[in-house]
Amino acid sequence: MNVRTRFAPSPTGLLHVGGARTALFCWLFARRRGGAFVLRIEDTDRERSTQASMDAILDGLRWLGLDADEGPFFQTDRLPLYREHVERLLHDGKAYRCYCSREELEAMRDAQRARGEKPRYDGRCRHRTGPSPAGVDPVVRFRNPTEGQVVFEDLVRGPAAFDNRELDDLVIARGDGMPTYNFGAVVDDLDMGITHVIRGDDHVMNTPRQLNLVAALGAPPPRYAHVPMILGPDGQRLSKRHGAVGVTRFRDDGYLPEALLNHLVRLGWSHGDREIFSREEMIELFDVADVNRAPASFDYDKLGWLNQHYVRQADPERLGALLAGQFERMGIDMSGGAAPSLLARVQRERARTLAEMAEKSRFAFEEYVEFDERAVKKHLRPAALEPLEATRARLHALADWEPAALHAAVAECAEALSLNLGKVAQPLRVALTGAAASPAIELTLQMVGRDAALSRIDRAIARVRERSGQS
RNA sequence: GUCCCCAUCGUCUAGUCUGGCCUAGGACACCACCCUUUCAAGGUGGCGACACGGGUUCGAAUCCCGUUGGGGACGCCA
């Protein structure tokens with residue numbers, strides 16, 4: 001039998017990291033087994049489903065490269081199918097109409113809670129006869145078995161058994177005929193031939209219900225695998241207050257998709273001591289049976305480390321293009337300045353994200369507004385005057401504005417003045433960038449460009465003079 | 001409240017199924033040192049955990065029970 005997995009998000013929000021990891025596991029599992037990965041949009045909640053959310057989810061999956069072999073399918077396009085099955089269940093006596101009002105149900109649950117019981121539908125419409133109440137759109141409830149238990153083998157959690165007594169008659173169709181989650185999912189999983197349902201473990205309790213439905217529909221059940229949830233750094237359910245949770249937000253913040261994927265795959269899964277996994281390696285090595293049962297916390301630090309790893313080995317052209325996007329977001333005009341790919345090559349060793357790379361490269365396009373005072377205090381001292389003037393002269397006369405020549409020029413100045421390279425390079429660095437940290441001095445010069453470099457050195461010289469004048 | 005699940009360094013994890021090779025390994029973060037024109041990167045070292053209590057056993061991180069802690073589920077949401 002060919003493996004078929006599915007990812008079935010509801011378009012009611014962003015594609016958050018938890019959903020992305022579930023999708024990744026489904027995708028990996030299907031790819032590994034040469035099966036199919038199906039994308040299904042569960043949009044039966046008209047109140048909360050939005051087009052914007054759907055676009056965001058599709059966009060996120062595309063960015064991560066989690067391509068579907070089939071779909072996206074929309075449940076709202078499949079309404080007749082669910083209706084047909086509801087009718088059959090009704091006809092077979094496996095489901096019944098319930099006329100209870102929401103208020104009535106709420107009162108019932110309150111009473112149960114007050115008695116210390118688990119709130120469940122008590123089946124009051126199960127055997128009702130006589131005329132239907134007027135003016136009420138009944139829901140349809142599944143006649144769940146009242147005895148025995150549902151047993152199944154969870155691919156990650158092992159054997160599981162639930163007493164039917166713990167379950168109740170769940171509604172499968174709302175008053176307006178829309179299928180509910182548990183029903184739509186079951187019908188579709190069967191209809192689409194899904195062999196492995198891999199989902200978050202917040203769905204474990206749905207599994208026995210769905211298995212009962214599958215049996216009532218007379219079909220063989222798929223296998224189930226419930227993966228643990230992803231928690232925030234504080235061990236609480238991951239939410240916006242922890243920072244970025246929507247995957248596209250990571251893209252905007254300058255993370256590479258392969259870094260996010262790598263971090264996600266390691267949350268709840270591992271392969272020995274290995275930390276770095278390419279997409280191909282994940283496919284080759286991943287097995288849902290190796291997934292842990294305990295929830296894991298999302299670690300922004302580790303993501304940052306992974307991102308730097310991937311940034312460092314990424315193609316400069318690609319990084320350059322991404323970097324250009326960052327500058328655009330920052331409102332910085334790159335025209336006439338250093339090439340993005342050069343910046344990428346220079347900065348990728350010293351930044352964890354593209355946003356950071358862009359911020360650190362700002363000086364290549366914009367004159368710094370003010371000197372960093374600590375840098376001035378340390379490096380733009382009177383003693384810096386001579387080296388600054390000497391380098392300016394030599395740089396001014398330089399024919400070739402290339403790293404090798406630039407480095408030689410700076411080194412020769414230091415030698416001529418019998419100074420350490422640092423005594424020359426640091427004042428120069430502050431002159432060029434306004435701060436004490438930047439890429440290697442020849443690269444910094446190259447990034448800034450001849451004209452800007454010379455004028456900034458003049459600015460620094462003026463500053464040193466002003467300072468010595470004061471003291 | 002009821003039901004389900006989980007439990008190794010701060011975090012992600014190896015080891016748990018098939019007890020001894022574990023004076024518990026790796027990674028992130030953190031600290032120190034080295035390298036160095038700055039920042040990084042890199043190198044070396046350090047800090048740091050079997051939640052607790054009972055059993056079983058010659059022997060337990062590994063098996064059993066309890067406690068505690070955490071997560072999840074109890075909708076005409078998915």
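What you see below is based on every heavy atom in this structure, not just the backbone, and it leaves out hydrogens, waters and symmetry mates. Residue numbers start from 1 in every chain, and the chains themselves are labelled A, B, ... in the order their sequence lines are given, proteins ahead of strands.
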Protein proximity profile, nucleotides 1-15 of chain B - base contact B, sugar-phosphate-only contact S, no contact -, cut-off 4.0 Å on heavy atoms: BBSSSSS---BBSS-

Between B:rC65 and B:rA29, how many Å separate the two P atoms, rounded to a whole number? 40 Å

Using the P atom as the point on both nucleotides, what is the distance between B:rC3 and B:rG66, in whole Å? 14 Å

Partner nucleotide of B:rC52 by Watson-Crick or wobble geometry (both distances under 3.5 Å): B:rG66

In whole Å, what separates the P atom of B:rG71 from that of B:rU11? 13 Å

Return the value, rounded to whole Å, for the distance between atom CG of A:Asp169 and atom P of B:rC76. 12 Å

P atom, B:rG15 versus B:rU2: distance in rounded Å? 36 Å

I'd like the C1' distance from B:rG25 over to B:rU67, given in whole Å. 30 Å

N-O pairing of A:Arg209 and A:Asp168 below 4.0 Å: yes

Paired nucleotide for B:rA32 [Watson-Crick or G-U wobble; both distances under 3.5 Å]: B:rU44

Output all residues satisfying salt bridge (charged side-chain N to carboxylate O under 4.0 Å, His left out) with A:Glu153, sequence neighbours left out; order by chain, then residue number. none

Residues A:Glu166 and A:Arg120 bridged, charged N to O under 4.0 Å: no

Quick one: label A:Gln347 by what it contacts on the DNA or RNA (base, sugar-phosphate, nothing), any heavy atom closer than 4.0 Å. nothing

What do the steps show when you test A:Ser438 against A:Thr444 for side chain to side chain donor-acceptor pair (under 3.5 Å), and what is the final call? CA-CA 7 Å; A:Ser438 79; A:Thr444 301; 2.8 Å; yes

Out of B:rA78, B:rU38, B:rC39, whichever nucleotide has its closest atom nearest the side chain of A:Lys360: B:rC39

NZ/NE/NH1/NH2 to OD/OE distance under 4.0 Å, A:Asp169 and A:Arg143: no

By the 4.0 Å heavy-atom rule, please label A:Thr12 as base, sugar-phosphate, or nothing. nothing

Using 4.0 Å as the upper bound for N to carboxylate O, is an ion pair formed by A:Arg463 and A:Glu373? yes

Numerically ordered, the residues 410-428 of chain A set in heavy-atom contact under 4.0 Å with RNA chain B is A:Leu421, A:Gly422, A:Ala425, A:Gln426

What is the distance, rounded to the nearest whole Å, between atom CG of A:Leu105 and atom P of B:rC76? 6 Å

Which value, in whole Å, describes the distance between the C1' atoms of nucleotides B:rG46 and B:rG1? 49 Å

Are A:Leu285 and A:Trp269 packed together at the side-chain level, in the sense that at least one heavy-atom pair is separated by less than 4.5 angstrom? yes

Can you find a side chain N or O atom of A:Thr44 that sits less than 4.0 Å from OP1 or OP2 on B:rA78? yes

Starting at atom CG of A:Leu231, determine the distance to atom C1' of B:rG69, rounded to an integer number of angstrom. 13 Å

Tell which nucleotide pairs with B:rG75, taking only Watson-Crick or G-U wobble pairs whose two distances are both under 3.5 angstrom. none

Between B:rC76 atom P and A:Arg209 atom CZ, what is the distance in whole Å? 10 Å

Taking the six-membered ring for Trp and the single ring otherwise, decide whether the centroids of A:Tyr300 and A:Phe298 are under 6.0 Å apart. yes

So, A:Glu258 and A:Arg279, do they make that salt bridge, N to O below 4.0 Å? no

Which part of the nucleic acid, if any, lies within reach of A:Glu442 when heavy atoms closer than 4.0 Å are counted: base, sugar-phosphate only, or nothing? base

In whole angstrom, what separates A:Leu388's CG from B:rU37's C1'? 14 Å

A:Arg120 near the nucleic acid: base, sugar-phosphate alone, or nothing, with a heavy-atom cut-off under 4.0 Å? nothing

Does the distance from a Lys or Arg side-chain N to an Asp or Glu carboxylate O, for A:Arg40 and A:Glu42, drop under 4.0 Å? yes

May I ask you to say whether A:Arg124 pairs ionically with A:Asp122, meaning some side-chain N is under 4.0 Å from a carboxylate O? yes

Can a salt bridge be assigned to the pair A:Arg165 and A:Glu147 using a cut-off of 4.0 Å between side-chain N and carboxylate O? no

Quick one: A:Leu443 CG to B:rU37 C1', roughly how many Å, whole number? 12 Å

Does the ring center of A:Phe25 lie less than 6.0 Å from the ring center of A:Phe286? yes

Suppose we define a pair by two distances each less than 3.5 Å, Watson-Crick or G-U wobble; what does B:rU38 pair with here? none

Nucleotide-resolved protein contact map, nucleotides 41-46 of chain B, B/S/- at heavy-atom distance under 4.0 Å: SS----

Taking atom C1' in both B:rG45 and B:rC35, what distance in whole Å separates the two? 15 Å

Whichever of A:Leu303 and A:Tyr181 has the more 5' nearest nucleotide on RNA chain B, that residue is A:Leu303

Below 4.0 angstrom, which residues in residues 133-154 of chain A have at least one non-hydrogen atom near RNA chain B? A:Val139, A:Arg141

Under 4.0 Å between a Lys/Arg side-chain N and an Asp/Glu carboxylate O for A:Arg362 and A:Glu366? yes

The side chain of A:Arg109 lies closest to which of these nucleotides: B:rA78, B:rG75, B:rU37? B:rG75

Answer yes when A:Arg459 and A:Glu367 have at least one side-chain N-carboxylate O distance shorter than 4.0 Å, and no when they do not. yes

Determine the Euclidean distance between corresponding P atoms of B:rG54 and B:rU16; express it in Å to zero decimal places. 26 Å

Is any side-chain N of the basic residue among A:Glu106 and A:Arg109 closer than 4.0 Å to the acidic one's carboxylate O? no

So, A:Gln75 versus A:Asp43: side-chain donor-acceptor pair below 3.5 Å or not? no

Between A:Glu87 and A:Arg83, is there a side-chain N and carboxylate O pair less than 4.0 Å apart? no

A:Tyr96 atom OH is separated from B:rC76 atom C1', nearest whole Å, by 13 Å

I need the CD-P distance between A:Glu47 and B:rA78, as an integer number of Å. 11 Å

Is there a side-chain polar atom (N or O) of A:Arg237 under 4.0 Å from OP1 or OP2 of B:rA73? yes

Could you check A:Tyr82 against A:Asp188 for side chain to side chain donor-acceptor pair (under 3.5 Å), going step by step and ending with a plain yes or no? CA-CA 9 Å; A:Tyr82 313 123; A:Asp188 282 341; 2.6 Å; yes

Which residues in residues 72-87 of chain A have at least one heavy atom lying under 4.0 Å from any atom of RNA chain B? none

